[in-house]
Amino acid sequence: MDVMPALIAIFAPLVGSLFIALAGSSMGERVAKIGIGALATSTVAALLSLCQTMWHEPILLTTPDLPLLPAPTLLVDRLASVMMILITAVSLVVHMYSLRYMQGDLGYVRFFALLSVLTSVLLALVTSGHLLWLFAAWHAVTWLLTALIGFNQDSVSARKAGRVTLYVQGAGDLALLAGIVVIYMTFGTFELTKMFQTLATSPTTPQLGSGAWWSIRAPDVITGLLVLSVMTKSAQFPFHVWLPGTIEAPTPVSAMLHAGIVNAGGFLVNRLAPLFGSSPTTLYILFVVGALTALIGASTMLTQSSVKRALVYSTMGQMGYMVMECGLGAFALGIFHLCAHGLFKATLFLNSGANIHKARIEFKLPRHRAVASATAFSLTSWATGLLITLILPLIIVLMALELVHIPLFEAQGTMIFLFFAWVTSSQAVFSLYRMNTIASWKVSVAMIATLTAISFTYLWAGEAFTRFLYPEPGQVAAYFHAAAWHQKLFGAFIVTASLFIVAVWAILYRTPHGSPLALPSWLSRLHTRLYVAFLNTLYIEDFLQAVSPWRRTRFPEQRSAS
């Protein structure tokens, strides 16, 4: 198979960066067109690579040995191709946005050179078939990210944010390196394909210290170390502390980071899926970490007054969902989630930066808008929303308790797809229900259409997209089986989560129509205290400031930098 499209996609941004660095002094701001041209070429080549992997076997290319270095191995399969499309497409949009946004900045040439190098390194990361080269790219991303976050060298808070990023992600990089060392001790190779083949053909699970009293399963140790790296790169609690500092970077950097780089943890789990799939303990840990991160990130986002800080914690919450999906064995759903999140979060950051910049140079007070009085209760809208909110979780609960058997939805992983579809569609339904100025029948039709569209999207993500990424028969079922909980525990979790969500929505449904539910005084006080705690990001940043050796420099302020 022709390997040229993949090589062009990887090296075009690097060549563009070299041209920018060499011609920057003479061309000035015109170098942006070089970067855009290189990324356009890379994007087209990535599309060709995706077409190749759709109809042919994965591309595996081993280059000749390098002096004192292992031979780089190129592995372009369907997972790598999908990630290449995401990286190049987002980077191309960011390059085009930066053409005018960064005009007048003294570091214009340096910015485009670094951005192009970062894109090339990310592409090398997702296409690496050799663990040492994967680590080299993974660690290079840490340094490039540090440089771009601290791009404004005159800003003390930007430099501080860069240092925090370097230290937190550096710790995760060490964990990844330790995991790679254990992989070599266990399998005797750094090649991904050889490691997967050994793992698949081995009659027993590899052990560390075989025969000793401390003997332990090798996949548990390896994936346990890798989880630390996933948590740091994908901003999982409590290693999310570097993420708020990203608002100190230029807006295009924030968009590139939140749309691509922070997704690296989900990619790593999928790239090493056979290892994670052989360690149920690690999958349980991933679920707990992801669920906690999603809850804290989403709650903190709702309390922030700064647009960019709200987007930052939104990213944290979404990355929690991604890791939680991986912990449930739904690896492909995690990739689908990170792709969808990457596309809309890049758009949100770029638009927020543009509007903040416009507001600063064209200051205008918002127009006065009268608040409409609450409309009469609409039985049609209420009944439609109630049925959509309750029927699907009722079916899921009955299946979880094994009271209803539907062959298509017997696996816990498939029920989790349904659960996510229910939560997503019900949130959209609730938003429509609050739009009380629209006729009830229109709201009801919109609710049903929303439920249908979201359900089909999740069905496609759970079936077609999963089969696309993992075409091997039985592979996905094995991952779901490894992540499966004890049936009673799974049923209790589904029931508890469903009751909690429905109870909260039952309270909120009364508010839009002027009949809010009166809460007990102790619950109101608890609500206030929790709001203040999440507004202050659970005081984690204050704690780090107190123990930081650089106490004279403030932690990245709760403000947004354009």
Side-chain angles (χ1 to χ4, degrees), residues 1-14 39 41-63 71-92 118-138 140-141 176 180 190-197 226 230 233-234 259-277 322 326 331-340 342-343 465-472 475-476:
M1 193 189 308
D2 188 8
V3 74
M4 285 306 296
L7 293 176
I8 292 173
I10 297 170
F11 288 105
L14 181 61
L39 259 298
T41 302
S42 181
T43 303
V44 173
L47 286 170
L48 293 176
S49 294
L50 178 62
C51 293
Q52 287 182 328
T53 56
M54 287 176 63
W55 306 109
H56 302 282
E57 293 295 322
I59 301 171
L60 183 62
L61 175 66
T62 302
T63 60
T73 302
L74 186 70
L75 175 60
V76 183
D77 55 3
R78 294 181 176 184
L79 172 62
S81 298
V82 170
M83 296 301 297
M84 288 170 69
I85 294 294
L86 175 66
I87 293 168
T88 54
V90 170
S91 184
L92 177 60
L118 176 61
T119 305
S120 184
V121 170
L122 287 172
L123 291 169
L125 169 64
V126 299
T127 58
S128 176
H130 193 283
L131 285 170
L132 289 182
W133 285 101
L134 185 149
F135 170 77
W138 186 276
V141 168
L176 175 59
I180 291 174
F190 291 114
E191 298 286 344
L192 288 174
T193 53
K194 294 180 180 178
M195 180 189 68
F196 295 153
Q197 185 178 8
L226 297 180
V230 170
K233 195 70 78 176
S234 289
I261 298 173
V262 78
N263 296 316
F267 164 77
L268 184 65
V269 173
N270 277 265
R271 173 52 79 208
L272 301 175
L275 274 176
F276 281 90
M322 177 191 70
C326 292
F331 297 151
L333 184 60
I335 293 295
F336 176 79
H337 194 141
L338 72 87
C339 289
L343 294 176
F465 190 74
T466 298
R467 287 198 303 269
F468 174 75
L469 285 183
Y470 295 100
E472 293 293 331
Q475 188 177 16
V476 174

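Residue indices begin at 1 and follow the sequence shown.
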Side chain to side chain contact (heavy atoms under 4.5 Å, CB included) evaluation trace for Phe190 with Thr73: CA-CA 10 Å; Phe190 291 114; Thr73 302; over 6 Å; no

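- The OG1 atom of Thr193 sits 10.0 Å away from the NE2 atom of His130 when rounded to the nearest 0.5 Å.
- For the side chain to side chain contact (heavy atoms under 4.5 Å, CB included) with Phe331, the qualifying choice from Thr466, Val476, Leu469, Asn270 is Asn270, the only one to do so.
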Tell me, with the steps shown, if Leu338 and Met83 meet side chain to side chain contact (heavy atoms under 4.5 Å, CB included). CA-CA 10 Å; Leu338 72 87; Met83 296 301 297; 3.8 Å; yes

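- Side-chain contact between Leu176 and Leu268 is present, with heavy atoms from C-beta onward closer than 4.5 Å.
- In terms of heavy-atom proximity, Leu50 sits nearest to Phe468 at CD1-CZ, 4.0 Å.
- In this structure the side chain of Val141 reaches within 4.5 angstrom of the side chain of Lys233, judged on heavy atoms.
- Counting heavy atoms from C-beta outward, Leu131 and Phe135 have side chains that stay 4.5 Å or more apart.
- Side-chain contact between Leu48 and Met4: absent, with no pair of heavy atoms (C-beta onward) separated by less than 4.5 Å.
- Here Leu125 contributes atom CG and Phe267 contributes atom CZ; the two are 5.5 Å apart, rounded to the nearest 0.5 Å.
- Residues Met322 and Gly265 share a closest heavy-atom pair of CE-C, 4.5 Å.
- Taking all atoms of both residues into account, the shortest heavy-atom contact from Ser120 to Leu14 is OG-CB, 3.4 Å.
- Under a 3.5 Å cut-off, the side chain of Arg78 and the backbone N or O of Tyr470 do not form any donor-acceptor pair.
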Side chain to side chain contact (heavy atoms under 4.5 Å, CB included) for Asp77 and Arg271? Distances and angles first, verdict last. CA-CA 10 Å; Asp77 55 3; Arg271 173 52 79 208; 2.9 Å; yes

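- A distance of 8.5 Å separates OG in Ser49 from CD1 in Ile8, rounded to the nearest 0.5 Å.
- Looking only at side-chain heavy atoms (C-beta outward), Leu123 and Ser42 come within less than 4.5 Å of each other.
- Annotation: side chain of Val126 is not in contact with side chain of Leu122 (no heavy-atom distance under 4.5 Å).
- Here the CG-CG distance, from Leu192 to Leu272, works out to 6.0 Å after rounding to the nearest 0.5 Å.
- The line from NE2 of His337 to CG of Asn263 is 9.0 Å long, rounded to the nearest 0.5 Å.
- Side-chain contact between Val76 and Ser81: present, with at least one pair of heavy atoms (C-beta onward) separated by less than 4.5 Å.
- For the pair Ile87 and Val90, the minimum side-chain heavy-atom distance is 4.5 Å or more.
- Minimum heavy-atom separation, Ala9 to Pro13: O-CD, 3.3 Å.
- Here CD1 of Ile85 is found 3.5 Å from CG of Leu47. Values are rounded to the nearest 0.5 Å.
- Annotation: Phe11, atom CZ; neighbour count of heavy atoms from other residues, nucleotides and ligands within 6.0 Å does not exceed 12.
- Residue Gly129 comes nearest to Glu191 through the heavy atom pair O-OE1, 3.5 Å, listed as atom of the first residue, atom of the second, then distance.
- The two residues Ser91 and Thr119 make their nearest non-hydrogen contact at OG-OG1, 2.7 Å.
- Ser128 contributes a side-chain N or O that, together with a main-chain N or O of Leu134, makes up a donor-acceptor pair within less than 3.5 Å.
- When atom types are taken as modelled, the side chain of Ser234 and the backbone of Val262 share a donor-acceptor pair closer than 3.5 angstrom.
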Does the pair Leu7 and Leu74 meet the rule for a side chain to side chain contact (heavy atoms under 4.5 Å, CB included), with working shown? CA-CA 9 Å; Leu7 293 176; Leu74 186 70; 4.0 Å; yes

